[in-house]
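Note sheet for the following structure.
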Amino acid sequence: MTEQHEYRVWAPLASRMRVVAGDETVEMESAGGGWWHAHAPLADYGFQIDDDDAIRPDPASRHQPNGVHERSRVFDPLAHDWQDGAWTGRPIAGGVLYELHVGTFTPEGTLDAAAERFEHLRSIGVTHVELLPVNGFNGTHNWGYDGVAWYAVHEGYGGPAAYQRFVDAAHAAGLAVVQDVVHNHLGPSGNYLPLFGPYLSSEGRSTWGEHVNLAEPEVRRFILDDVQMWFRDMHVDALRLDAVHALVDESEVHILEEMAIETAALAAHLGRPLELIAESDLNDAKLITPRESGGYGLDAQWSDDFHHGVHVALTRETEGYYADFEPLAALAKTLERGFFHDGTYSSFRGKDHGRPIDLEHALTWRLVVSAQNHDQIGNRARGDRITEALDESQLLCAALLLYAGPFTPMLFQGEEWGASTPFQFFTSHPEEELGRLTAEGRLEEFREMGWDASVVPDPQDPETFRRSKLDWAEAGDGEHARILDGYRRLATLRRELPALTDPAYTANEVSADEDTRVLRLVRRAGRDDAVEVVLNLGDAAQQVPVTKERLRFTTHPDVAVADGAVSLPPGSGALLD
């Protein structure tokens with residue numbers, strides 16, 4: 001007898017629903033509230049809506065083995081023999097995140113291949129592996145932000161079973177897993193959700209498409225269940241919530257606060273920390289303020305101001321949103337107060353932006369910062385890394401600010417050895433018209449900003465994707481190997497020195513000299529434990545008075561300390577205790 005399975009789907013717009021499982025078509029019964037259900041053979045399946053004979057994939061599909069346009073496959077998350085029973089979790093506080101794109105992190109571009117690099121990540125102090133979105137999208141390669149199957153794992157990466165193996169292996173290596181999830185929009189190809197129900201709002205759109213309809217309770221539940229699925233069934237430790245400023249919600253309890261409430265409850269049940277990290281351009285600490293103090297209760301958020309301050313200080317690039325960060329004081333303020341724009345005027349936005357952080361009560365680790373990330377590299381016209389603009393010592397200055405700075409550092413794949421490979425914007429839309437529009441839209445965007453269109457890679461060209469794959473052979477050669485050694489030494493110091501993970505804003509002192517372009521950061525833990533970070537970001541060598549005498553890290557071989565002062569060549573830095 002053929003094994004039967006109960007199929008359920010929310011389709012309030014339909015007057016008739018059928019499930020097609022294998023060779024059998026079964027009429028579904030209304031279960032009220034827009035829900036339909038039926039028992040049918042356990043086989044690859046899809047739904048027929050009203051009298052349309054087209055077979056559509058399940059909106060909550062867990063497995064799309066043949067792509068997002070084809071039938072879904074039942075996936076049993078309990079079939080995996082988990083080996084992480086002793087894993088008690090790893091909070092973000094004191095940690096180091098590492099952002100990677102599965103398709104370009106290794107030559108193979110799979111989850112299983114990525115898991116083979118865990119020891120490398122541990123050697124640079126990584127505690128959390130953050131994956132760019134892995135949910136189902138149309139085509140073979142994509143950044144992941146064009147996903148349409150929110151509950152599924154892209155088959156090219158290995159599918160859901162490979163994802164469980166990846167998390168299991170990460171936990172065995174002592175690494176937590178952060179999954180980047182997108183709930184603010186859906187991709188342009190394979191989005192069948194509007195055929196089933198009012199998943200999208202008719203009252204506005206973002207850069208990426210119509211807003212998700214958060215006024216509909218079942219749509220909210222669809223998102224909240226997806227959050228729980230990653231934690232419960234895939235054993236991930238944290239979620240990075242993409243572009244939360246695009247989640248337009250007028251409800252009494254914001255969807256982000258609901259996520260925090262349910263995540264905290266699930267963490268208590270599972271007995272391990274589960275955390276939520278928001279990507280937001282609002283510079284509003286309400287996101288990461290505990291609910292008891294009137295905030296949403298998320299655990300951490302990205303802060304772009306740190307990136308912009310470091311980027312401008314090292315590269316001197318001041319176009320676009322970098323303009324406000326030209327003074328070294330902008331980086332100093334960010335290190336001291338968390339946000340540079342905390343109610344100040346943003347020339348890029350043409351208005352005041354952000355709100356100040358409560359420095360007496362806030363915790364520095366709640367801001368996740370980077371010197372490079374997929375956005376700040378991939379959204380450049382050529383997808384070029386700062387590696388092209390900086391020398392070895394300057395690259396290690398960025399690393400020094402990350403590892404010794406007040407916030408939670410996040411590295412982007414390959415930066416730890418100064419990777420020369422770009423990370424370009426790539427797509428693989430099978431639809432010729434969509435691919436053409438994507439390529440033309442990107443060209444026009446950069447043409448308007450004054451770029452020569454000939455240097456902008458075609459996102460649809462497979463070579464654009466191939467160019468973006470890391471070259472792991474670089475890591476053992478010359479300058480690349482020396483940079484990697486620097487990251488490893490900084491990782492060791494971050495574990496050894498309590499001052500480098502102290503979470504108090506008030507424990508830090510920052511100063512910047514605009515004339516010499518010397519930046520000084522003093523970090524303290526308790527009464528006596530302190531470290532001093534000094535960087536010469538100018539063009540001339542400097543003798544800088546210091547209060548500490550022991551050099552623990554230098555970015556350049558000519559850095560030396562004597563008679564109460566440290567000698568710093570241009571573009572160099574040191575850590576002393």
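A 6.0 Å sphere centred on NE2 of H245 holds more than 12 heavy atoms belonging to other residues, nucleotides or ligands. By the 6.0 Å contact criterion, CZ on R494 is enclosed, its count of non-hydrogen atoms from other residues, nucleotides or ligands being greater than 12. For R337, the CZ atom is loosely surrounded, since the number of other residues' heavy atoms within 6.0 Å does not exceed 12.
Checking R62 against S72 by side-chain atom types alone, no donor-acceptor pair falls below 3.5 Å. In summary, the side chains of E360 and T506 do not present any donor paired with an acceptor at a separation below 3.5 Å, with no hydrogens or angles considered. For the 3.5 Å distance criterion, the side chains of H311 and E317 qualify, holding a donor opposite an acceptor. Side chains of H69 and Y192: a donor-acceptor N/O pair is present below 3.5 angstrom, by distance only.
Between the side chain of D281 and the backbone N or O of N283 there is no donor-acceptor pair closer than 3.5 Å. Of the possible polar contacts, one joining the N373 side chain to the Q376 backbone as a donor-acceptor pair under 3.5 Å is found. Between the side chain of R56 and the main chain of F47, no donor-acceptor pair closer than 3.5 Å is present.
Contact between P188 and L434 at its shortest, heavy atoms only, is CG-CD2, 3.8 Å. Considering every non-hydrogen atom in both P194 and L13, the closest pair reads O-CD1, 3.5 Å. The minimum heavy-atom distance linking F231 with L239 is given by the pair CZ-CG, 3.8 Å. Here the shortest heavy-atom pairing between G338 and Y505 reads N-CE2, 3.7 Å. For the residue pair S61 and Y151, the shortest heavy atom distance occurs at O-CB, 3.3 Å. For G95 against P409, the heavy-atom pair with the smallest separation is O-CD, 3.4 Å.
Using a cut-off of 4.0 Å between Lys/Arg side-chain N and Asp/Glu carboxylate O, R385 and E415 are scored as not salt-bridged. A salt bridge links R221 to E262: one of the charged nitrogens lies within less than 4.0 Å of a carboxylate oxygen.
A heavy-atom distance below 4.5 Å is not found between the side chains of Q372 and S370. Side-chain atoms of S189 and V148, non-hydrogen and from C-beta on, never get closer than 4.5 Å to each other. Residues D237 and L274 have side chains not in contact (no heavy-atom distance under 4.5 Å, counting atoms from C-beta outward). Side-chain contact between T421 and R467 is absent, with no heavy atoms from C-beta onward closer than 4.5 Å. For the pair R355 and D342, the minimum side-chain heavy-atom distance is 4.5 Å or more. Contact check for R349 versus Y321: no side-chain heavy atoms found under the 4.5 Å cut-off. Contact annotation: the side chain of T464 never approaches that of P459 to less than 4.5 Å [non-hydrogen atoms, C-beta and beyond]. Side-chain contact check for V134 versus Q179: some heavy-atom pair is nearer than 4.5 Å.
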Apply side chain to side chain contact (heavy atoms under 4.5 Å, CB included) to the pair V244 and L247, showing each step before the final yes or no. CA-CA 5 Å; V244 299; L247 292 171; 4.3 Å; yes
Worked verdict on E444 versus R447 for salt bridge (charged side-chain N to carboxylate O under 4.0 Å, His left out): CA-CA 5 Å; E444 182 59 29; R447 190 180 288 116; 2.9 Å; yes
Where do E257 and R291 land on the salt bridge (charged side-chain N to carboxylate O under 4.0 Å, His left out) test, with the steps shown first? CA-CA 8 Å; E257 187 173 357; R291 294 183 58 246; 2.9 Å; yes
Check step by step if salt bridge (charged side-chain N to carboxylate O under 4.0 Å, His left out) holds for K286 and D284. CA-CA 5 Å; K286 181 177 182 178; D284 187 351; over 6 Å; no
For L100 and V129, what are the C-alpha separation, side-chain angles and deciding distance, and is it a side chain to side chain contact (heavy atoms under 4.5 Å, CB included)? CA-CA 8 Å; L100 68 85; V129 183; 3.5 Å; yes
Take N142 and T427, measure what side-chain hydrogen bond (donor to acceptor under 3.5 Å, both in side chains) needs, and give me the verdict at the end. CA-CA 5 Å; N142 189 290; T427 55; over 6 Å; no
Set out, in order, the CA-CA distance, both residues' side-chain angles and the distance that settles salt bridge (charged side-chain N to carboxylate O under 4.0 Å, His left out) for R366 and E275, then state yes or no. CA-CA 11 Å; R366 292 192 185 277; E275 296 179 301; over 6 Å; no
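Scored by the side chain to side chain contact (heavy atoms under 4.5 Å, CB included) test, E216 finds W10, P198, N213, E218, V219 as partners (sequence neighbours excluded).
Between F425 and W143, the ring center distance clears the sub-6.0 Å criterion. In this structure, H235 has its ring center under 6.0 Å from that of W82. For H308 and F348, the distance between ring centers is not under 6.0 angstrom. You'll find the ring centres of Y199 and F222 inside the 6.0 Å limit. Here the two rings, on F166 and F118, have centers that are under 6.0 Å apart. Annotation: F423 is in aromatic contact with F412 [ring centroid separation under 6.0 Å]. Between Y163 and W230, a ring centre-to-centre spacing shorter than 6.0 Å is recorded. For H341 and F325, the distance between ring centers is under 6.0 angstrom. The aromatic ring centres of Y98 and H128 sit 6.0 Å or more apart.
Note that CZ of R442 is 8.5 Å distant from CD of Q424, once rounded to the nearest 0.5 Å. Here the CG-CD1 distance, from L97 to I92, works out to 6.5 Å after rounding to the nearest 0.5 Å. Atom CG of L276 sits about 8.5 Å away from atom CG of L256, to the nearest 0.5 Å.
The only member of H185, H183, H374 that meets ring-ring contact (aromatic ring centres under 6.0 Å, His included) when paired with Y145 is H374. In summary, of the residues considered (T334, T408, I357, D305), a side chain to side chain contact (heavy atoms under 4.5 Å, CB included) with L367 occurs for I357 alone. With N138 as the partner, the side chain to side chain contact (heavy atoms under 4.5 Å, CB included) test is satisfied by one option alone out of E431, H429, Q64: E431.
Using cut-offs of 30° and 60° on the angle between ring planes, the pair H63 and F75 is perpendicular.
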